[in-house]
Each structure stands twice: as C-alpha cells, then as structure tokens.
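Here is the naming used below: chain letters follow the sequence lines, and residue numbers restart at 1 for every chain.
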There are 2 protein chains.
Amino acid sequence: MKTRDRIVATALGLFNEQGYGAVTTAMLAAQCGIAEGNLWYHFKTRAVLLDAIGERFASSIEARLAMRPGSDPLGDYAALLEAVMAEFRAFRFIYRDQRAYGDDAEMVSNNAPRWLEMTFDQVEAYLAALVDIGLLDWPRERLRDLAINSTIILRYGLEHYRELGEPIAEGAGAVRRTLRRQLTLFEHRLEPAAANRLQAAIEEMGEESLAA
Amino acid sequence: MKTRDRIVATALGLFNEQGYGAVTTAMLAAQCGIAEGNLWYHFKTRAVLLDAIGERFASSIEARLAMRPGSDPLGDYAALLEAVMAEFRAFRFIYRDQRAYGDDAEMVSNNAPRWLEMTFDQVEAYLAALVDIGLLDWPRERLRDLAINSTIILRYGLEHYRELGEPIAEGAGAVRRTLRRQLTLFEHRLEPAAANRLQAAIEEMGEESLAA
DNA sequence: ATCATTTTAGGGTGATTACCCTAATTCCCC
DNA sequence: GGGGAATTAGGGTAATCACCCTAAAATGAT
C-alpha cells in the first residue's frame, strides 16, 4: 500500500476512534509509522487530508446510492443494510465531528443533506419492494416515515450503544445490535419466514464488512 | 442573577452552540461580560465548571425521571415528551461532546447509561398507560422496543435535522419536528382523536419551554 | 549507475490557550 | 466606616500543535 493511502486510511481510523479534534499530526504520523515530515510531504495541511477522506466517503456513498432492489427483495434489503451500516461506521467521524472540522470539508457539507434525502428514498424503495411481494404489511402512505425512522436508527445506533455504555469497538457486535434494533420497527409486520430470514442474514454478515 | 450562575448558564449555551472544544475561556468571559480573571475567581478550572453543569444536568434528569403517568395518560405523555425534549436540548453538548470533555465529568459518565435505561423504562410506562386505556393499539411484548426507538428518535432528532441542513436554532421548530417524527412510530395505532390530541399538544407546547 | 522521488531526522516558528499572579478598585453588608 | 468578597486590568507562563525548513539518506525505476 502506498504511503499516501496508508495515511488516509490511518487518519480515518484515528478520527473515528478518537474524534477529529483529538488526533494530532504527531499522533497520526506515529500510528502510520512514518516521520512527521513525511506526512507533510504528502499532505500540505490537515484540510487537504480531510478532502482526501471526503472523496473516499463520497465515492462510498455514491456507490451505495446506486444500489437498487432486484429479484430478491429480502436479500437485497439485507445487502442494503450491510452497505449502509458499513458506510456509517467507516465514516462516522464525518457526521459526528462536523463542528470540529468546520468548513474544511466543504464538498461533504454541501452534499450531505442531499445524500441523506437520497438515502431515505433508497430505503423507502427497498421497503416498498418488500411490500410489493407481500413480505411486509405496511400501508404505502406510511413507508416514507418508516424509511426515515429506519435511517435514523441506523445512523445513530453506534452512538446510542456508546451512550448505553456498551462496547462499540470492532468485534463487539454494536453494528449487529444496530441492525437488529432497526428491525424492531417493523419485524412484527413482516411475514414470519421473511423476518427469520432477515435476522439470519444479519447474523451471517461478515465480520470484516461490518467491523462489527 | 449571581455571576457564578450566569457563568454556568452562559457556558451551557456556548457549549451547546459551538461545541465544548471550540469554546475558549476568553470567549466565555466575553460572552458573560466579565474579565477573564473573574471567571477564574469563580471556577478554578474548566473541569470544575463542567462539574457545575453536570450537577444541573443530573438534577434535571432526576426530576424528569420522577415523573409518572397519572389520570390523563395522553396529556401525561405529552408532558413527558416536553420534559424529555427540553432536557435533551438544554444539555445536548453533554451527550454530543463526550469525547471532547473526556473524563472531566465523571459523575455524568458514571450515570448516563443508567439514566438512559431508566428513560426507556419511563417511556415504556407512559406508552403502557396509553395501551391500558385503549388509546394505543400495541402488543404489550413490543412496548419495550417502541420505547427504546422513541427515545432514540427524541435523543438524536436535533442532530438529524442538522445533518439534513435544516435550521436547529432556537425558534426554528426543530424540537417540534423531532416530536412529530417520534409520533410517526405509532400514530397509526393511536385512537384517531387521541392522535389528533397529541399532535395538537405538540403544536401548543410553549416556545419557551422547548426553545423550539 | 543514475536520477527522481520519497523518507528521515532534527531543529524551528508562531499562534493559541488554560490558567497564574498581583495590585487596585468596586461592591456589598453590617 | 470597615471589612470581606467580588471584579478589574494587565502582564505573564508553559504547554501544545500545525506546519516549516534543510540536508542527508533511502528507495524505486530505468
């Protein structure tokens, strides 16, 4: 892996774990195992590094937003959940620490509201597909609210569990708990076998893809 | 108002608006209209100031947790919503900026998980009261999940609207939007007149109590 | 081997910030 | 008026941090 990419990945990890404002450039260089001067060779300022992270984030979101429900709405919904949670987790400091980095990631702040709305659209489309094949019993005019509430639960699940004093480090299962929590919104209106299958899908999601 | 209390209230406001880490003692003194030395006269360190805020927070929570549903479950639920949101809003930096203040408010971190669990209990009890008098059609074994999901929506509503790019300043209506969002979880299972009454209650909540 | 790029080591700067210190002044209460 | 508490003004310290600078060394590609 090229040093520049390693810096970006390491910064992302540290910003997520420690909070953007708490990570010093000295700390970042040490974690990368490089001299601090080398960090400055690759990135002129912190803001430039943040831009690089923002670009990865944007790519991740755009790819995820391009997902569409296909011939297996249930499996597809599980796949969407997996992608959404992986992204929310991988880039959590971007949402959480917006005050700390202020205007330094303009591309992100300019697009975040739009991306969020599109996420509601996407989740709604997937839920609608479940309704259409009769696996979910939910009034069509209430799907938007369900999509929004689902997204909120997914978006804030990790923080919720942190506030509950539960471990959210990698491997601790916080992402799985979040996915299950989200399911409680409507599992009682899912066809029973479908509910079981979604639950099984959550259990089977790869540790690696979720950093659960 | 005594200067000490004024400092605490002003700090709370600034920490909420700007983020804990972004507020300098110079800024705080200026906003209070006092010399910085006077700030240090009243509080030896930032941590001591944070403790004072934490004590107010604890008092607010304990008082709110003491609320119980009475003879008007619907009106009581509205009152609970009002109290919960007022508190979540008034002390939002305490939840949000936990990483920034770290161990400096131990009393809060030691109790926050417990308070949150008790909040779930409380919301559940209020919802159960609605079920008991037939205003809410919800299976008893699913009330806990509804209480938790409701609390999550209330807890993160302001942040959600900020991420959506919607105004959350005082008077912008973000708290009302959060209350309404929460209602979408179960309003379709409320007796219609009850749903209308809850909605009306949200519209009538005092601007002052909600800093909506 | 040569050349360009990357990395190191080590010293540095300027800005920022929490908090200190001191003496004088003002305020408040009896 | 007296005494104690609160407030001011102004100067200061030490620590921290993003980023700079420079020359030498190391690496990678041809």
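Salt bridge annotation for B:Glu170-B:Arg89: absent, with no cationic side-chain nitrogen under 4.0 angstrom from a carboxylate oxygen. For the pair A:Glu204 and A:Arg197, the salt-bridge criterion is not met [side-chain N within less than 4.0 Å of a carboxylate O]. Salt bridge absent: A:Arg92 and A:Asp97 never bring a charged side-chain N and a carboxylate O closer than 4.0 Å. No salt bridge links B:Glu17 with A:Arg99; every basic N to acidic carboxylate O contact stays at or beyond 4.0 Å.
Just one residue in the list B:Tyr95, B:Phe88, B:Phe57 forms a ring-ring contact (aromatic ring centres under 6.0 Å, His included) with B:Trp115, and that residue is B:Phe57. A:Gln122 pairs with exactly one of A:Arg68, A:Arg64, A:Glu117 by the side-chain hydrogen bond (donor to acceptor under 3.5 Å, both in side chains) rule, that one being A:Arg64.
Taking a 4.0 Å limit (strictly below) on heavy-atom distances, residues 6-35 of chain A reaches DNA chain D at A:Val23, A:Thr24, A:Thr25. Within residues 91-99 of chain A, no residue has any heavy atom under 4.0 Å from DNA chain C. Within residues 36-50 of chain B, the residues that place at least one heavy atom under 4.0 Å from DNA chain D are, in residue-number order, B:Gly37, B:Asn38, B:Tyr41, B:His42.
Between the side chain of A:Ser60 and the main chain of A:Arg56, no donor-acceptor pair closer than 3.5 Å is present.
A distance below 6.0 Å separates the ring centres of A:His160 and B:Phe120.
In this structure, the CG atom of A:Asp5 is 12 Å from the P atom of C:dT6, given to the nearest Å.
Annotation for B:Gln31: atom CD does not count as buried by contact number, only 12 or fewer foreign heavy atoms lying within 6.0 Å.
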* Run the numbers on B:Arg96 and B:Glu159 for salt bridge (Lys or Arg N to Asp or Glu O under 4.0 Å), then give the verdict. => CA-CA 9 Å; B:Arg96 190 192 61 210; B:Glu159 283 160 74; over 6 Å; no
